[in-house]
Engineer: 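Input: one structure, supplied below.
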Amino acid sequence: MTRTMTSHTVDTRELRNALGSFATGVAVITTLAADGTPVGVTANSFASVSLDPPMILWMPGRHLRSLDHFRSAGRFAVSVLAKDQAPLSRRFSTPGEEKFQGLSVAQGLGGIPLIEDALATFEASTATLHEAGDHCIILGNVERFSYRAGEPLVFHGGAYCDLLAS
Ligand SMILES: Cc1cc2nc3c(=O)[nH]c(=O)nc-3n(C[C@H](O)[C@H](O)[C@H](O)COP(=O)(O)O)c2cc1C
């Protein structure tokens, strides 16, 4: 299907469908609220930015209840989910306060929670924050990372999918 639109005629649903053709991994981004409460959201907007110095970014929507915590915390962590961690992706994409209830997590730098058995974790201090339409761009300096072998959770066309499926 071919869609040609100007910025004045963008159909948001069609744009979302088109953007969904870009397959991504899935991560849980975490931080701590000022009172020490853990905060986390599922995100596929994670990206590597720079190797030297090591920098990463992710893009929280302005609609996120947790956005102010990410703005003010000064640091965040990225846990890249493995293929069998779709339930965690669902848990952290459900808006609300109960995301960590009954969940065992590892303690990262500054006490920020890290998802156990993630494929990779990146712990970062926030470098800059840019406003970008209905989202923000949060750039971070990587301070510590770890990774393991394994298959990633993949998101494509609005659904979790199997890289090996035909
Ligand atoms: C696969 C997937 C990827 C997502 N990626 C993002 C993202 O990059 N940025 C974002 O703001 N929300 C993203 N979301 C939606 C958030 O996870 C969801 O709105 C969030 O958990 C709401 O948290 P809140 O309690 O802070 O409002 C994604 C959801 C899914 C299922």
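One-based numbering, in listed order, for ligands and for the atoms of each. FYI, the numbering just counts along the sequence from 1.
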Engineer: Please could you name the atoms of ligand 1 that F155 approaches to less than 4.0 Å, counting only its heavy atoms?
Structural biologist: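 Atoms satisfying the 4.0 Å criterion: 1 (C).
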Engineer: For ligand 1, find out whether one of its N or O atoms is nearer than 3.5 Å to an N or O atom of N44.
Structural biologist: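 Among all N and O atoms of N44, at least one is under 3.5 Å from an N or O of ligand 1.
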Engineer: For P53, does its backbone N or O pair with a side-chain atom of S50 as donor and acceptor, under 3.5 Å?
Structural biologist: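 Side chain of S50 to backbone of P53: a pair is present.
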Engineer: So which heavy atom on L114 is nearest to which on A77, and how close?
Structural biologist: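 Scanning both residues, the minimum pair turns out to be CD2-CB, 3.4 Å.
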Engineer: What is the distance from atom CD of E151 to atom CG of L81, rounded to the nearest 0.5 Å?
Structural biologist: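 Rounded to the nearest 0.5 Å, the CD-CG separation comes out at 14.0 Å.
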Engineer: For the 3.5 Å polar cut-off, considering only N or O atoms, please tell me whether P60 and ligand 1 meet it.
Structural biologist: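 Looking only at distances, the answer is no, because the N/O contact criterion of under 3.5 Å is not met.
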Engineer: Quick check for you: to the nearest 0.5 Å, what is the distance between F46 atom CZ and F122 atom CZ?
Structural biologist: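 If we round to the nearest 0.5 Å, F46:CZ and F122:CZ are 4.5 Å apart.
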Engineer: Transitively linked via ILVMFWY side-chain contacts under 4.5 Å: F92 with I29?
Structural biologist: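 In one cluster: no.
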Engineer: Can you report which non-hydrogen protein atom sits closest to atom 20 (C) of ligand 1, along with the distance?
Structural biologist: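 That would be L64 CD2, 3.7 Å.
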Engineer: Do the side chains of V154 and D162 get nearer than 4.5 Å, heavy atoms only?
Structural biologist: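 Answer no - side chains too far apart.
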Engineer: Measuring from the heavy atoms of F46, does anything fall under 4.0 Å of ligand 1?
Structural biologist: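 Outside the 4.0 Å threshold, so no.
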Engineer: To which protein heavy atom is atom 9 (N) of ligand 1 closest, and what is the distance rounded to 0.1 Å?
Structural biologist: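 For atom 9 (N) of ligand 1, the nearest protein heavy atom comes out as M59 O, 2.9 Å.
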Engineer: Among protein heavy atoms, which sits nearest to atom 8 (O) of ligand 1, and what does the distance come to when rounded to 0.1 Å?
Structural biologist: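 Of every protein heavy atom, S45 OG, 2.6 Å lies nearest to atom 8 (O) of ligand 1.
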Engineer: Closest by any non-hydrogen atom to atom 14 (N) of ligand 1: pick that one out of L153, T42, V28.
Structural biologist: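 Nearest option to atom 14 (N) of ligand 1, by heavy atoms: T42.
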Engineer: If you look at every heavy atom in V39 and S66, which pair is closest and at what distance?
Structural biologist: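 So the minimum-distance heavy-atom pair works out to CG1-CB, 3.3 Å.
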Engineer: Only counting residues at least two apart or in another chain, list the ones meeting side-chain contact (heavy atoms from CB on, under 4.5 Å) with R65.
Structural biologist: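 Partners of R65 by the side-chain contact (heavy atoms from CB on, under 4.5 Å) criterion, ordered by chain and then number, come out as P95.
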Engineer: Sub-3.5 Å donor-acceptor pair from the side chain of T31 to the main-chain atoms of F76, do we have one?
Structural biologist: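 It does not hold such a pair.
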Engineer: May I ask you to identify the nearest protein heavy atom to atom 18 (C) of ligand 1, giving residue, atom name and distance to one decimal place in Å?
Structural biologist: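 Here the closest protein heavy atom is S93 O, 3.7 Å.
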Engineer: Is the shortest N/O to N/O distance between P95 and ligand 1 below 3.5 Å?
Structural biologist: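 There is no such contact.
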Engineer: According to a 4.5 Å side-chain heavy-atom criterion applied to Ile, Leu, Val, Met, Phe, Trp and Tyr, with indirect links allowed, do V80 and V142 form part of one hydrophobic cluster?
Structural biologist: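 Linked, V80 and V142 end up in one cluster.
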Engineer: Closer than 4.0 Å to some heavy atom of G96 - which atoms of ligand 1 meet that?
Structural biologist: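 The atoms of ligand 1 under 4.0 Å from a heavy atom of G96 are 25 (O).
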Engineer: Taking distance alone, with no angle check, do S89 and ligand 1 share an N/O pair under 3.5 Å?
Structural biologist: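 No; the residue has no nitrogen or oxygen that sits under 3.5 Å from a nitrogen or oxygen of the ligand.
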Engineer: Mind checking whether G61 has an N or O less than 3.5 Å away from an N or O of ligand 1?
Structural biologist: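 Yes, at least one N or O pair falls under 3.5 Å.
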Engineer: With heavy-atom distances below 4.0 Å as the criterion, list the atoms of ligand 1 near S66.
Structural biologist: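 Numbered from 1, ligand 1 contributes 26 (O).
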Engineer: Determine, considering heavy atoms only, which of F92, F70, Y160 sits nearest to atom 21 (O) of ligand 1.
Structural biologist: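 Closest candidate by heavy-atom distance is F92.
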Engineer: I want to confirm something. Looking only at heavy atoms, which of H63, K99, H135 is nearest to atom 24 (P) of ligand 1?
Structural biologist: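 Looking at heavy atoms only, the winner is K99.
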Engineer: If we only count heavy atoms from C-beta on, is the L139 to V49 side-chain gap below 4.5 Å?
Structural biologist: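 Contact flag for L139/V49 side chains = yes.
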Engineer: Please report which non-hydrogen protein atom sits nearest to atom 27 (O) of ligand 1, along with the residue it belongs to and the distance in Å to one decimal place.
Structural biologist: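 Minimum-distance protein heavy atom for atom 27 (O) of ligand 1 reads R65 N, 2.9 Å.
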